[in-house]
Undergrad: 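Pasting a structure here, questions to come.
As the structure is a computational prediction, the values presented were derived from the model and not from experiment. So you know, we letter chains A, B, ... as the sequences are listed, proteins then strands, and number each from 1.
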8 protein chains.
Amino acid sequence: MPKVAIVMGSKNDFATVKPAITVLNGFGVESVVRVLSAHRTPEEAHKLAAEAISEGIEVIIGCAGKAAHLAGVLAASTILPVIGLPIKSSTMDGLDSLLSTVQMPAGIPVATVAINGSENAALLAVQILSLKYAYLQEQLWNYKEVMRQKILSDDNALQEELNNEKT
Amino acid sequence: MPKVAIVMGSKNDFATVKPAITVLNGFGVESVVRVLSAHRTPEEAHKLAAEAISEGIEVIIGCAGKAAHLAGVLAASTILPVIGLPIKSSTMDGLDSLLSTVQMPAGIPVATVAINGSENAALLAVQILSLKYAYLQEQLWNYKEVMRQKILSDDNALQEELNNEKT
Amino acid sequence: MPKVAIVMGSKNDFATVKPAITVLNGFGVESVVRVLSAHRTPEEAHKLAAEAISEGIEVIIGCAGKAAHLAGVLAASTILPVIGLPIKSSTMDGLDSLLSTVQMPAGIPVATVAINGSENAALLAVQILSLKYAYLQEQLWNYKEVMRQKILSDDNALQEELNNEKT
Amino acid sequence: MPKVAIVMGSKNDFATVKPAITVLNGFGVESVVRVLSAHRTPEEAHKLAAEAISEGIEVIIGCAGKAAHLAGVLAASTILPVIGLPIKSSTMDGLDSLLSTVQMPAGIPVATVAINGSENAALLAVQILSLKYAYLQEQLWNYKEVMRQKILSDDNALQEELNNEKT
Amino acid sequence: MPKVAIVMGSKNDFATVKPAITVLNGFGVESVVRVLSAHRTPEEAHKLAAEAISEGIEVIIGCAGKAAHLAGVLAASTILPVIGLPIKSSTMDGLDSLLSTVQMPAGIPVATVAINGSENAALLAVQILSLKYAYLQEQLWNYKEVMRQKILSDDNALQEELNNEKT
Amino acid sequence: MPKVAIVMGSKNDFATVKPAITVLNGFGVESVVRVLSAHRTPEEAHKLAAEAISEGIEVIIGCAGKAAHLAGVLAASTILPVIGLPIKSSTMDGLDSLLSTVQMPAGIPVATVAINGSENAALLAVQILSLKYAYLQEQLWNYKEVMRQKILSDDNALQEELNNEKT
Amino acid sequence: MPKVAIVMGSKNDFATVKPAITVLNGFGVESVVRVLSAHRTPEEAHKLAAEAISEGIEVIIGCAGKAAHLAGVLAASTILPVIGLPIKSSTMDGLDSLLSTVQMPAGIPVATVAINGSENAALLAVQILSLKYAYLQEQLWNYKEVMRQKILSDDNALQEELNNEKT
Amino acid sequence: MPKVAIVMGSKNDFATVKPAITVLNGFGVESVVRVLSAHRTPEEAHKLAAEAISEGIEVIIGCAGKAAHLAGVLAASTILPVIGLPIKSSTMDGLDSLLSTVQMPAGIPVATVAINGSENAALLAVQILSLKYAYLQEQLWNYKEVMRQKILSDDNALQEELNNEKT
């Protein structure tokens, strides 16, 4: 069973992060969910990243707000792909988190998704895993098809609503 | 041999994109480099993404400036991981490219790297491939070590320079 | 009867988009209202744009938030004028939607209106149609006059309120 | 012969605006090119907009930088579609021009294109005119095809360059 | 009695603008308060500015949100000092209003105050008037002294609160 | 003879500030030009503002970059109208200067003009002075007319250039 | 007992500033808490800074919103380290306060912490004091350890919650 | 002799950082200047911070660009005051560096100075050291006085230049 670590910088971020766990579960991907801070528990954060491969982890998702160093700090200690999920904090509308996560210097990439985009962080992890776990590819196509059907059914529902309004 | 597609929206972007090719070459990863525009050649762009798997491509890097839709448009037609490389254009200092690339709606992630961060786009691709192609992991650790040695030797050189200034 | 397509990227955008339909109705312009996503239903979106002319559509309004690619993607597949309505999402106050919509590369314009400016998207469509359907010009002058009268009557009401406060 | 007015707020903007004239010429659209300022010649600007229809003008392009009021001021005095071209000035990288042009209040739309996007301002004008002057539609499809061929030939040229480098 | 015109672009702005009237009243300055839009009633706005001097108006305050052209448009038709009050609208946190108001081209200044800073708009008007109406200077010094006393008494109150907490 | 103080925070700003002196000279307004820093010479800055009235100064222009406190600090010590001229520094494109100058708290207005808009700072001073020195009004109307004629002659010149190109 | 002055520009800021007092109390550092405005009580603000050393104050924290000049103005009159705490106001999400506080010109540094980061302002003061008052170092290490334990216990709690959900 | 560590994330930053060394030298403060990256040499960076106290270092200055994590990462491993110097990189005009440095979460402050403000980083370090090393206070007052005299002599020079121009 493929395994992804989700690390958040504060337990307050859990509500925002939770959809990522749900998505991973839906794909049958195991998630190791941790609260670890780049600044308050730097050694534990480093340890998680440095030992991730030996723990069977294959992708790491780092979730943090404000000066969001977590994903970058994890990426410094591993060669696994690290996904950065910038979390909107109480000021600056997430721009600080986004820039702190995405503007990484050459040599240490962080695969950044949208501000508060936890569902996408998980989906990106699954896409990455699907290179190795080919059975995930079919699930991803299904997921895409379900999204497509959802839009089409929303579209149909809207047509009906608008038609009903006219009559 | 693992294979990555690098798609840029305009041939003008080539100078910025080129380091990505160099990095991939260094890791022995084949690169398919294309000029294809989300807006000027939408069908060819769609075709590349839709047929990428059957062409043996495992990661796609989409590089574009301004309203940088390319990575998102490619991601819409594949379940492969798509890396977005926002390119700085003549106005807005790359902020437009960054937001257009990273702020993807739920369901269609784009793994965004820093503005003009082509080296990181390639490294992220290699990290992703390394899940499947385990031999890349050692190369990635080597790459990390070389970067580390470069910093340490820069550090030494600086100490010497400063010492020489004093005497 | 002139016909305008209004395409929104998500049914959640309907509340914001609705005033556009009301404005078009007021001018006797038929509206085809669709939920179609550039990323979740790229082929349907492409199809709508590519077949718009043969369906008698003369202007397309694309409405989307975040990395708002919809209007640009529709514009890629048609030569009809495409109006972009950037929708404010939960972060970045609409700046992401605005830049993703307006900063289109040379060759594929999107006629962008204000963030959440659905009334203006519709009015712009009517102005465009009025070149061909000359009877709309008079209605547009009337609309302008009604707005003018509204301001003047607001002005009068305010004078009265202020006078009453004094006495 | 269809006719478009291009109004710029300062003669300094002419270099940026010129590609718009070239595009219009290429489509056989007559252009009336004026230097008129919303602030320095408000009456002349008003007069141009108010009399545009009687002068046979069908679309107006307003080009201005900084607090770019010109397009909005023109739109206030006409019911013709007004295209806003925000021009990058010496500070703020065009963000001031963009927001001043696009964030119009309800009732007075300005069809805004990218900062310094003069080619797109002209193309949008042609798209708008093509509703009435149907022969322009074919030219627009041709224009799109030429752009497509340009990308494809750039793509081919790049393949060759890269192949040559390898050998 | 000195006279100031306060012009707002929409009656919705009245709640934000009202403190300006209160301040002017407090200084015994007459205020003419109008709802006039640069875009919906351009001629009335022009007329107000052009005739302001003959109406005995000596300072004009223009208040508007979004693409806030009002103060600039008024300034175009008068040589009186025009104060710009940018009003925060529903998106962009007032940045659009601020830039549209303050970034005026050379030749047509607008004296811009803080976003939603209506009290300051009025105080600035009084400061300007005080050059001619010297008796206002003493009132302004009094106003400054009252503010100073307010801070000092707030300071005292805080000391007491903190002392009480300790005991 | 009316008198304006121009205070700049650093002699480096002189090149940007100089057009203000030229404009004031043109109107026959005396200028006292000083280099005084809110942070390096706080007492001298305070003294200038506090004694400005007794020195016959009637308007103060404060010019500064970065965390541009100068205009606000001067305004704290006088009841004269203070004009703030934000100067673009080497980073942030003048946004820091603009916000530091314009976002003054209630009670202490600074009449802010465009970033680097020294001509407008001077013109605003003249407009303010013209309330008391009525003869300046005619000069201001002349100045406006000269600007208008400049635009109209630029417009004519452009027509000729374009006509010559055609033939 | 070491002593820190906390100066806020308005009593409204007290709720945001209060955690700083609590932190200082926790470290046994005396706090002098004042409401003093750079603009409304410039002389009192200057006096506090100029006399701080003789009053036994060793660090000053300046807290202000909007055009937040307070910390810079205090720094101008002392050689003590001045910490700037930018406070989020009703518009611009604190960006104005941040830039006005941090972008100080060469020669007058302000040690700026995060927007609304009052706890960090106090901690930074304690870190600075700990150079001289060595016993504070141990308390700071304890504080760090408590934070670390808090994260680890949050991490444990989360593991339990997630385990409970599974079963 | 007091000792400050200056750590830069890349040797490319040396030109920007150098004035900090000069300032420290001028005050007789020893500087340990290092090139160490939060991401490329995380362990060495951690070691420097963790051992700083035992090495006799009393203040640390962390200098970095883009997603500038260095100062925060150093602060995580020490209780010494850490000064953050955000360095402007090739995109985003330093805003990314500033936000990544200053927006630190509660518990781990970074004393941030202006973008590229290396002189101020050093001065702040000296101010901090002056609490313990009282002799530095006099030097700091001297430094302030020299700055003051520089402004006053610039002011005099300007008066002469302007007088010469007149005659």
Side-chain angles (χ1 to χ4, degrees), chain G residues 2 19 23 53 58-59 75-86 94-95 98-99 101-134 136-144 146-148 150-151, chain H residues 2 19 23 53 58-59 75-86 94-95 98-99 101-134 136-144 146-148 150-151:
Chain G
V23 169
I53 292 177
E58 295 180 299
V59 179
S77 301
T78 186
I79 54 95
L80 291 178
V82 174
I83 296 169
L85 172 59
L95 182 64
L98 173 58
L99 294 177
T101 301
V102 78
Q103 286 290 76
M104 289 293 290
I108 314 285
V110 166
T112 306
V113 296
I115 301 166
N116 285 357
S118 59
E119 183 178 346
N120 275 1
L123 274 175
L124 178 57
V126 176
Q127 289 176 331
I128 289 169
L129 291 166
S130 75
L131 293 196
K132 180 174 172 190
Y133 302 93
L136 288 172
Q137 297 202 2
E138 199 184 328
Q139 288 184 53
L140 282 164
W141 286 117
N142 287 347
Y143 195 92
K144 240 184 163 65
V146 169
M147 287 194 301
R148 185 177 152 268
K150 175 66 169 53
I151 294 284
Chain H
V23 169
I53 292 176
E58 296 181 299
V59 179
S77 302
T78 185
I79 53 96
L80 290 178
V82 174
I83 296 169
L85 172 60
L95 183 63
L98 172 59
L99 295 177
T101 301
V102 77
Q103 287 290 78
M104 290 293 291
I108 315 286
V110 166
T112 306
V113 296
I115 301 165
N116 284 357
S118 59
E119 184 179 346
N120 274 0
L123 274 175
L124 178 57
V126 177
Q127 291 177 329
I128 289 169
L129 291 165
S130 76
L131 294 195
K132 179 173 171 190
Y133 302 93
L136 288 171
Q137 296 202 2
E138 199 183 328
Q139 288 184 53
L140 283 164
W141 286 116
N142 288 346
Y143 195 92
K144 240 186 164 64
V146 169
M147 287 195 300
R148 185 177 153 268
K150 176 65 170 53
I151 293 284

Undergrad: Taking H:Gly84, H:Gly117, H:Ser130, H:Ala76 one by one, which has the highest count of heavy-atom pairs under 4.5 Å against chain G?
TA: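 Winner by heavy-atom pair count: H:Ala76.
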Undergrad: Do H:Leu80 and G:Leu131 come within less than 4.5 Å of each other through their side chains, counting heavy atoms only?
TA: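 A side-chain contact under 4.5 Å exists here.
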Undergrad: So for G:Val110, is it side chain, backbone, both, or neither that comes closer than 4.5 Å to the heavy atoms of chain H?
TA: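 Backbone of G:Val110 only, per the 4.5 Å heavy-atom cut-off to chain H.
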Undergrad: What part of G:Met104 is in contact with chain H, defined as an atom under 4.5 angstrom from a non-hydrogen atom: side chain, backbone, both or neither?
TA: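 Both backbone and side chain of G:Met104 come within 4.5 Å of chain H.
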Undergrad: Could you walk me through whether H:Ile79 and G:Leu136 pass the side chain to side chain contact (heavy atoms under 4.5 Å, CB included) test, one step at a time?
TA: CA-CA 10 Å; H:Ile79 53 96; G:Leu136 288 172; over 6 Å; no
Undergrad: At what distance, to the nearest 0.5 angstrom, does CG of G:Leu95 lie from CG of H:Leu98?
TA: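 CG of H:Leu98 is found 8.5 Å from CG of G:Leu95.
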Undergrad: At a 4.5 Å cut-off on heavy atoms, which part of G:Val59 comes close to chain H: side chain, backbone, both, or neither?
TA: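 Contact with chain H involves the side chain of G:Val59 alone.
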Undergrad: Can you say whether G:Ile83 sits under 4.5 Å from chain H via the side chain, the backbone, both, or neither, judging by heavy atoms?
TA: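 Neither part, no heavy atoms under 4.5 Å.
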Undergrad: Check side-chain hydrogen bond (donor to acceptor under 3.5 Å, both in side chains) between H:Glu119 and all other residues, then give those that pass, not counting sequence neighbours.
TA: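 Scan of H:Glu119 (side-chain hydrogen bond (donor to acceptor under 3.5 Å, both in side chains), adjacent residues dropped) gives H:Tyr143.
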Undergrad: Taking all non-hydrogen atoms of both residues, which atom of H:Val102 and which atom of G:Thr112 are closest, and how far apart?
TA: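 Minimum heavy-atom contact is CG2-O, 3.5 Å.
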Undergrad: For each of G:Pro19, G:Pro105, G:Ser118, tally heavy-atom pairs with chain H at distances under 4.5 Å, and name the one with the top tally.
TA: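 Answer, by heavy-atom pair count under 4.5 Å with chain H: G:Pro105.
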Undergrad: Less than 4.5 Å to any heavy atom of chain G: does that hold for the side chain of H:Ala121, its backbone, both, or neither?
TA: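 Interface part for H:Ala121: neither.
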Undergrad: To the nearest 0.5 Å, how far apart are CD in H:Gln127 and OG1 in G:Thr78?
TA: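 Answer for the CD-OG1 pair, H:Gln127 versus G:Thr78, is 7.5 Å.
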Undergrad: For chain H, which of G:Ile108, G:Asn120, G:Leu123 has the most heavy-atom pairs under 4.5 Å?
TA: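 The answer is G:Asn120.
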Undergrad: Can you name the salt bridge (charged side-chain N to carboxylate O under 4.0 Å, His left out) partners of G:Lys144, sequence neighbours left out?
TA: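 In terms of salt bridge (charged side-chain N to carboxylate O under 4.0 Å, His left out), with neighbours along the sequence ignored, G:Lys144 is linked to no residue.
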Undergrad: Checking G:Ala122 against chain H: side chain, backbone, both or neither under 4.5 Å from a heavy atom?
TA: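 Neither part, no heavy atoms under 4.5 Å.
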